[in-house]
Amino acid sequence: MVETPEPPPTLADPRALLLGYLDHNATAVLRKLDGLSERDLRRSVLPSGWTPLGMVKHLACTERFWIRYLFAGEDVDFSWPGTAEQEWFVAPEEPSADITAFFLAERENCARLGASTPLDARAARTTRRGGAEEHPTFAWILCHLVQSFARHAGHVDVGRELIDGVTGR
């Protein structure tokens with residue numbers, strides 16, 4: 001897997017920074033899974049029970065929710081994966097390639113919307129934060145996704161180290 005580099009420190013364009021860091025963090029997650037066996041992709045080494053492949057599925061669902069459902073107002077099919085608990089679960093019959101394809105498709109949807117949507121545009125649907133219903137800006141949603149993907153890339157990094165000792169991928 002080719003790593004998407006961190007945006008350069010001289011970059012000042014907020015859109016390019018947000019989308020660049022989101023890409024950087026997303027490819028970091030996938031890169032950390034490179035070389036894992038099917039068994040290791042599907043097993044947990046932590047008490048919380050998440051698996052590396054389950055993390056990829058969760059991040060795809062997270063991006064689908066924030067970009068397509070909440071921001072764009074699409075009537076997105078949530079029958080796959082289903083409930084919030086199911087988005088972390090990877091059934092034995094679910095091909096890992098299908099989960100990765102789902103993740104990449106949601107990344108493409110975000111990139112397409114990100115290329116042309118004003119950062120101050122408001123979401124079609126509301127979210128409840130701090131007790132009030134709000135229509136978040138596209139910039140806020142992108143920033144939220146950047147921090148979520150970065151946090152979870154760190155989780156995958158720790159999981160990978162516990163699985164096979166590999167670090168710094």
Side-chain angles (χ1 to χ4, degrees), residues 1-6 15 18-46 48-117 121 123-125 127 136 138-160 162-164 166 169:
M1 153 136 313
V2 176
E3 179 179 357
T4 301
E6 185 176 11
R15 175 188 312 280
L18 290 167
L19 293 173
Y21 270 108
L22 190 53
D23 286 344
H24 174 71
N25 294 334
T27 60
V29 169
L30 293 179
R31 190 181 67 256
K32 290 173 190 304
L33 273 55
D34 275 353
L36 288 178
S37 67
E38 277 295 315
R39 178 182 177 272
D40 287 337
L41 285 171
R42 296 166 180 276
R43 76 180 175 108
S44 177
V45 292
L46 295 164
S48 58
W50 64 265
T51 66
L53 198 53
M55 181 66 78
V56 171
K57 189 175 182 181
H58 165 70
L59 287 170
C61 292
T62 299
E63 197 162 26
R64 175 180 273 192
F65 172 79
W66 284 101
I67 295 295
R68 296 181 61 200
Y69 176 78
L70 195 95
F71 184 80
E74 291 181 32
D75 290 326
V76 180
D77 178 11
F78 279 108
S79 63
W80 190 79
T83 68
E85 294 78 27
Q86 288 172 311
E87 76 183 47
W88 290 89
F89 176 72
V90 178
E93 65 275 4
E94 285 182 273
S96 57
D98 287 0
I99 293 171
T100 301
F102 172 48
F103 178 81
L104 293 173
E106 293 307 320
R107 296 274 35 260
E108 288 175 22
N109 285 318
C110 180
R112 187 172 41 256
L113 194 61
S116 60
T117 302
R125 292 190 168 102
T127 184
F138 191 60
W140 187 94
I141 289 171
L142 289 176
C143 192
H144 178 76
L145 289 172
V146 166
Q147 66 82 24
S148 179
F149 274 52
R151 186 177 70 248
H152 288 323
H155 293 144
V156 174
D157 196 32
V158 170
R160 178 68 188 254
L162 292 171
I163 288 170
D164 64 5
V166 171
R169 284 187 83 125

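Bear in mind the structure is a predicted one, so any value in this text is a computation, not a measurement.
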Partners passing salt bridge (Lys or Arg N to Asp or Glu O under 4.0 Å) against Arg125 (at least two apart in sequence or in another chain) = Asp75
inquiry  = Restricting to salt bridge (Lys or Arg N to Asp or Glu O under 4.0 Å), what partner residues turn up for Arg42, sequence neighbours left out?
reply    = Glu38
Output the distance between atom [atom1] ([X]) and atom [atom2] ([Y]), rounded to the nearest 0.5 Å.
X: Cys61; Y: Phe102; atom1: SG; atom2: CZ; answer: 4.0 Å
X: Gln147; Y: Leu142; atom1: CD; atom2: CG; answer: 12.0 Å
X: Asp23; Y: Arg107; atom1: CG; atom2: CZ; answer: 5.0 Å
X: Phe138; Y: Leu18; atom1: CZ; atom2: CG; answer: 9.0 Å
X: Arg112; Y: Asn109; atom1: CZ; atom2: CG; answer: 4.5 Å
X: Leu53; Y: Ser96; atom1: CG; atom2: OG; answer: 6.0 Å

Can any side-chain N or O of [X] pair as donor or acceptor with the backbone N or O of [Y] at less than 3.5 Å?
X: Lys57; Y: Val90; value: no
X: His24; Y: Thr4; value: yes
X: Glu63; Y: Ala60; value: no
X: Ser148; Y: His144; value: no
X: Arg15; Y: Thr117; value: yes
X: Asp157; Y: Ala153; value: no
X: Arg160; Y: Asp34; value: yes

ask   = Does the side chain of Leu59 reach to within under 4.5 Å of the side chain of His152, using non-hydrogen atoms?
value = yes
inquiry  = Is there a side-chain contact between Ile141 and Ile67 in this structure, where contact means two heavy atoms from C-beta onward sitting under 4.5 Å apart?
reply    = yes
ask   = Is the Trp50-His58 ring centre distance short of 6.0 angstrom?
value = no
To check you understand the geometry: which heavy-atom pair defines the closest contact between [X] and [Y], and what is its length?
X: Leu33; Y: Val56; answer: CD2-CG2, 3.5 Å
X: Ala123; Y: Phe71; answer: CA-CD1, 3.5 Å
X: Gly114; Y: Leu19; answer: O-CD1, 3.6 Å

request  = Assess whether side-chain contact (heavy atoms from CB on, under 4.5 Å) is satisfied between Asn25 and Val29, documenting all intermediate values.
outcome  = CA-CA 6 Å; Asn25 294 334; Val29 169; 5.9 Å; no
key: Set of side chain to side chain contact (heavy atoms under 4.5 Å, CB included) partners for Asp40, sequence neighbours left out   = Leu36, Ser37, Arg43, Ile163
ask   = Can Glu74 and Tyr69 be counted as having a side-chain donor-acceptor contact under 3.5 angstrom?
value = no
